[in-house]
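Worksheet: the structure to be examined is printed underneath.
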Amino acid sequence: MGFGDLKSASGLKVLNDFLSDRSYIEGLPGVKKPLGQYGPAGVADTTSGPVPASKDDDDDDDDDIDLFGSDDEEDAEAARLKEQRLAEYAAKKAKKPALIAKSSILLDVKPWDDETDMAKLEECVRSIQMDGLVWGQSKLVPVGYGIKKLQIGCVVEDDKVGTDILEEQITAFEDFVQSMDVAAFNKI
């Protein structure tokens with residue numbers, strides 16, 4: 001059984017004749033036989049090529065090229081490069097000053113009546129001093145019946161000053177302030 005010498009014209013003719021009515025030679029996937037065991041019966045095996053390697057020998061060839069795995073040296077280099085870039089990023093980020101979250105707040109401070117001294121009311125409100133609080137412009141806005149409210153702006157650091165603290169301290173001036181509302185609140 002066999003095809004003969006496939007390097008000669010006669011061996012190729014035997015192979016061509018054999019494949020004229022077949023789409024493949026024979027065999028199961030992964031099962032290898034010596035080349036002389038394939039082909040038509042009655043043809044002497046005159047293959048001069050090397051005998052196919054056994055299954056154990058093929059494992060050595062597979063170790064040389066690992067298409068889906070990874071090389072330990074490349075992994076170590078990639079890990080080192082990643083650590084270096086992370087360290088550079090951390091150093092760069094440490095040099096930048098941290099952004100402080102701030103808000104712009106517009107407050108409406110309402111007096112008790114039209115006889116309340118609005119200049120004194122504004123003076124009381126501006127007397128509130130806290131770390132992270134900066135008072136801005138103010139104006140008197142008519143409400144009705146001769147009553148005006150104080151509309152005053154401020155900028156606060158969100159971590160240090162909240163609207164509830166401002167309301168508590170402003171409404172503590174009970175002689176002048178009836179109530180306080182937040183008219184506008186914007187993040188900066």
Side-chain angles (χ1 to χ4, degrees), residues 28-32 53 55-188:
L28 298 172
V31 177
K32 296 183 179 179
K55 182 78 174 147
D56 294 336
D57 292 341
D58 286 343
D59 288 342
D60 293 338
D61 293 338
D62 291 343
D63 289 342
D64 293 340
I65 301 172
D66 188 7
L67 298 177
F68 298 103
S70 60
D71 191 20
D72 292 337
E73 292 175 11
E74 291 177 10
D75 286 344
E77 178 66 21
R80 186 192 64 76
L81 185 60
K82 181 179 177 184
E83 289 299 320
Q84 177 187 356
R85 288 186 178 159
L86 283 173
E88 289 172 0
Y89 175 73
K92 182 178 177 182
K93 191 168 184 170
K95 291 178 184 176
K96 280 188 175 179
L99 292 177
I100 299 171
K102 293 183 180 182
S103 298
S104 173
I105 304 174
L106 186 62
L107 303 172
D108 283 342
V109 182
K110 297 173 187 156
W112 283 107
D113 56 22
D114 63 341
E115 296 178 3
T116 304
D117 184 2
M118 295 304 287
K120 183 69 176 163
L121 186 139
E122 183 177 349
E123 182 183 318
C124 291
V125 170
R126 287 187 184 273
S127 70
I128 299 170
Q129 298 295 318
M130 289 188 258
D131 185 33
L133 170 67
V134 177
W135 291 107
Q137 293 182 340
S138 65
K139 65 179 180 178
L140 296 177
V141 178
V143 177
Y145 303 105
I147 300 174
K148 295 181 179 180
K149 66 181 176 182
L150 173 68
Q151 198 169 57
I152 187 166
C154 63
V155 175
V156 297
E157 291 183 24
D158 294 345
D159 293 339
K160 297 178 181 178
V161 181
T163 56
D164 52 344
I165 296 170
L166 281 175
E167 182 176 10
E168 183 180 304
Q169 291 196 5
I170 290 173
T171 55
F173 300 108
E174 295 174 352
D175 294 340
F176 301 101
V177 179
Q178 174 198 6
S179 65
M180 185 215 82
D181 294 321
V182 176
F185 188 99
N186 296 312
K187 295 282 186 186
I188 298 178

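Reckoned from all heavy atoms, side chains included, excluding hydrogens, waters and symmetry mates. On a predicted model such as this, the values are computed, not experimentally measured, just so you know.
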Residues that R85 engages under side chain to side chain contact (heavy atoms under 4.5 Å, CB included), provided they are two or more places apart =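 If we apply the side chain to side chain contact (heavy atoms under 4.5 Å, CB included) test to R85, skipping adjacent residues, the hits are L81.
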
Partners of I170 by side chain to side chain contact (heavy atoms under 4.5 Å, CB included), sequence neighbours excluded?
-> L107, V109, V125, I128, W135, V177, M180

What do the steps show when you test R80 against E77 for salt bridge (charged side-chain N to carboxylate O under 4.0 Å, His left out), and what is the final call?
-> CA-CA 5 Å; R80 186 192 64 76; E77 178 66 21; 2.8 Å; yes

Please enumerate all residues that pass side-chain hydrogen bond (donor to acceptor under 3.5 Å, both in side chains) together with [X], with sequence neighbours excluded.
{"X": "K110", "result": "D181"}
{"X": "E88", "result": "Q84"}
{"X": "K149", "result": "D108"}

Test: E123 and K120 ion pair at under 4.0 Å =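 Between K120 and E123 there is a salt bridge, with a charged N closer than 4.0 Å to a carboxylate O.
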
Side-chain contact, heavy-atom cut-off 4.5 Å: S127 with F173?
-> yes

Is any side-chain heavy atom of P111 closer than 4.5 Å to a side-chain heavy atom of I147?
->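 Contact flag for P111/I147 side chains = yes.
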
Working to the nearest 0.5 Å, report the span between [atom1] of [X] and [atom2] of [Y].
{"X": "Q137", "Y": "I152", "atom1": "CD", "atom2": "CD1", "value": "10.0 Å"}
{"X": "D117", "Y": "D175", "atom1": "CG", "atom2": "CG", "value": "12.0 Å"}
{"X": "F176", "Y": "T116", "atom1": "CZ", "atom2": "OG1", "value": "8.0 Å"}

Of the non-hydrogen atoms in R126 and G136, which two are nearest, and what is the gap between them?
->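 That would be NH2-O, 2.6 Å.
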
Any donor-acceptor pair under 3.5 Å from E115 side chain to W112 backbone = no

Which side-chain N or O atoms in residues 153-168 pair as donor and acceptor under 3.5 Å with protein atoms at least two apart or in another chain?
| from | atom 1 | to | atom 2 | distance (Å) |
| --- | --- | --- | --- | --- |
| E157 | OE1 | K160 | NZ | 3.3 |
| D158 | OD1 | S103 | OG | 2.6 |
| D158 | OD2 | S103 | OG | 3.3 |
| D158 | OD2 | K187 | NZ | 2.8 |
| K160 | NZ | D131 | OD2 | 3.0 |

Test K148 against every option in V141, D114, L140, V143 by the side chain to side chain contact (heavy atoms under 4.5 Å, CB included) rule and name the one that passes.
->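 Exactly one option meets the side chain to side chain contact (heavy atoms under 4.5 Å, CB included) with K148, and it is L140.
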
